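Structure first, commentary second.
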Amino acid sequence: MEQYIIKGGKPLSGEVNISGAKNAALGILAAAVMTDEDVTIENLPDVRDINVLLEAISEIGAYVKRIDRHTVLINGGNIREVSVDDDYIRKIRASYYFIGALLGKYRKAQVPLPGGCNIGSRPIDQHIKGFRALGAKVTIERGAVIAEADRLSSAHIYFDVVSVGATINVMMAAALSEGRTILENAAKEPHIVDVANFLNSMGANIKGAGTDTIRITGVKKLHGTEYSIIPDQIEAGTFMCMAAATRGNVLIKNVIPKHLESISAKLIEMGNEVIEYDEAVRVIGAEHQRHTDIKTLPYPGFPTDMQPQMAVSLALCEGSSMVTESIFENRFKYVDELARMGGSIKVEGNVAVIDGIKGFTGAAVNAPDLRAGAALVIAGLCADGFTEIDEIGYIQRGYECFEEKIRGIGGIIEKVDSEKDLKKFKLKVS
Ligand code: EPZ
């Protein structure tokens, strides 16, 4: 079983390049099949979830050509199947984007219900509410969502919950509906704006993305386009926390600083230095950092996907911090793993109280999910001694070349898959 082995204690320094945004790319790849013309997408992150989605897109009959590691050409002209059903697509949540894309284009879609995952139950009732409001008949049969409509017409939809997935999914279906649709209480994340910009580059008519009210005037057809994905806000934030927690000095390049404002603000509150450039941020970790409180909220609030990484940074501050997770019901699974490294965190419901400690000690831990896994890597980079992290497949779903990028800024980390390699690494770095 592959695992990361890390020797901690060294402040990170140097430059790291951020890849394209996974959560924008997943929506954009699904939307790419909504035209019969060529679509070229650049700055794709080379991560497992993206590659699984590309496989599924070719499985339903679309033409998929990998131009290079970060560029793909897709043509949805030969799609012969609106039922997406294979084992690996069930593993990624974003498979539900096929419903909005195929329903919009073919007025029919059948997609496996996305599984829950380690951070919560993850219902899709708001997606279904939106599709039904547009005029689709949506049923759940034998573990799949089946959506079909004679026609999709205008609707005024008020989301009961601010949902990234539902906003993107219903926006896609509405883009090819007849009439004007208004989405209220819509999510405002940067990746919503990126998907809307992508659809507009294909001839859609979407206004207001990035605000809580999105207006969509349906069009008959969408045409081909060339588009480049925005940088990944969460990967950037992960490296910002890594620099702060290891008391390092790192230039994080190819970012949109505006998207990182809530993360920068918190790191500055803790006493770190964050310098913003046009397309980069520099984080200089302070030796003595102060505790602060975090509450995760929909954008522009503090992102839930940065909660575990920030918790690790707060664990190395002086004083006690309070972290409130208001988006998902089960996003503190890393706390038990951090306890093995000397962390002192108490969880009551959706609140974690983090007591600052002098430092972590290396231990064998398990990654419970994608972002918690990244947080454990940060803890390992700060820890005294060696940390072994199992279940790193979760981490590889969302971080491209994670260990190479960390080594590039001086981190001592390797991916190993045998006891022999583990011993070799320990000898090499000791
Ligand atoms: C997206 O998930 C991201 N995933 C998540 O990132 C991210 O944590 C989340 O948005 C919030 O920002 C992708 O984009 C692939 P939601 P999504 O719908 O769309 C509830 C990562 O680490 N809800 O915004 O599934 C839901 O239970 C991943 O990259 C409903 O009640 O999240 C949650 O409490 C993890 N009904 C809240 O809304 C619905 O129909 C926000 O969920 C939909 C959601």
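Predicted model only: the values in this text are computed from it and were never measured. For ligands, and for the atoms within them, numbers begin at 1 and follow the listed sequence. If you read the sequence from its start, that first residue is 1, and numbering goes on from there.
Here the shortest heavy-atom pairing between Ala352 and Ile345 reads CB-CG2, 3.9 Å. Between Ala173 and Leu134, the shortest heavy-atom contact is CB-CD1, 3.8 Å. The shortest heavy-atom contact between Gln307 and Arg331 is NE2-O, 3.1 Å. What you find for Leu260 and Met240 is that their closest heavy atoms are CD1-SD, 4.0 Å. Annotation for Phe360 and Ala315: closest pair CZ-CB, 3.7 Å, computed over non-hydrogen atoms. When all heavy atoms are compared, the tightest approach of Thr238 to Tyr399 is OG1-OH, 2.7 Å.
Near Ile327, the atoms of ligand 1 lying under 4.0 angstrom from a non-hydrogen atom of the residue are 33 (C), 34 (O), 37 (C), 41 (C). Taking a cut-off of under 4.0 Å to the non-hydrogen atoms of Ile124, the atoms of ligand 1 that pass are 39 (C), 40 (O). Within ligand 1, the atoms closer than 4.0 Å to a non-hydrogen atom of His127 are 40 (O), numbered from 1 in the order shown. Of all atoms in ligand 1, listed by their number and element, those nearer than 4.0 Å to a heavy atom of Leu26 are 15 (C). The Ile119 neighbourhood of ligand 1 comprises atoms 35 (C), with distances under 4.0 Å to a heavy atom of that residue. Residue Arg331 has at least one heavy-atom neighbour below 4.0 Å for each of these atoms of ligand 1: 8 (O), 22 (O), 35 (C). Close approach of ligand 1 to Gln126 is summarised as follows: ligand atoms under 4.0 Å from at least one heavy atom of the residue are 36 (N), 39 (C), 40 (O).
Considering only non-hydrogen protein atoms, atom 24 (O) of ligand 1 sits nearest to Val164 N, 2.8 Å. Protein heavy atom at the shortest distance from atom 22 (O) of ligand 1 is Arg371 NE, 2.8 Å. Among protein heavy atoms, the minimum distance from atom 19 (O) of ligand 1 is reached at Gly165 N, 2.8 Å. Given atom 26 (C) of ligand 1, the protein heavy atom at minimum distance is Phe328 CE2, 4.2 Å. Scanning the protein heavy atoms around atom 11 (C) of ligand 1, the nearest turns out to be Thr304 CG2, 3.9 Å. Looking at atom 39 (C) of ligand 1, its nearest protein heavy atom turns out to be Pro123 O, 3.2 Å. The protein non-hydrogen atom at the shortest distance from atom 20 (C) of ligand 1 is Val161 CG1, 3.9 Å. Counting protein heavy atoms only, atom 28 (C) of ligand 1 is closest to Asp305 OD2, 3.7 Å.
Considering Glu235, Arg93, Glu325, Lys22 only, the shortest heavy-atom separation from atom 25 (O) of ligand 1 involves Arg93. Of the candidates Ile192, Asp160, Asn23, Thr167, Asn23 brings a heavy atom nearest to atom 4 (N) of ligand 1.
For the pair Ser121 and ligand 1, the shortest N or O to N or O distance does not fall below 3.5 Å. Considering both main-chain and side-chain atoms, Ser163 comes within under 3.5 Å of ligand 1 through a nitrogen or oxygen pair. Close N/O approach between Tyr96 and ligand 1 is found [any backbone or side-chain N/O within under 3.5 Å].
Using a 3.5 Å distance cut-off with no hydrogens or angles, the side chains of Thr71 and Glu42 do not pair a donor with an acceptor.
Around atom CZ of Arg180, no more than 12 heavy atoms belonging to other residues, nucleotides or ligands sit under 6.0 Å away. Annotation: Glu348, atom CD; neighbour count of heavy atoms from other residues, nucleotides and ligands within 6.0 Å does not exceed 12.
Taking the side chain as every heavy atom from C-beta outward, His259 and Tyr299 approach each other to under 4.5 Å.
Interatomic distance, Leu176 CG to Arg107 CZ, rounded to the nearest 0.5 Å: 6.5 Å.
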Passes salt bridge (charged side-chain N to carboxylate O under 4.0 Å, His left out), Glu235 versus Lys405? Steps please. CA-CA 11 Å; Glu235 185 194 14; Lys405 290 188 180 186; 2.6 Å; yes
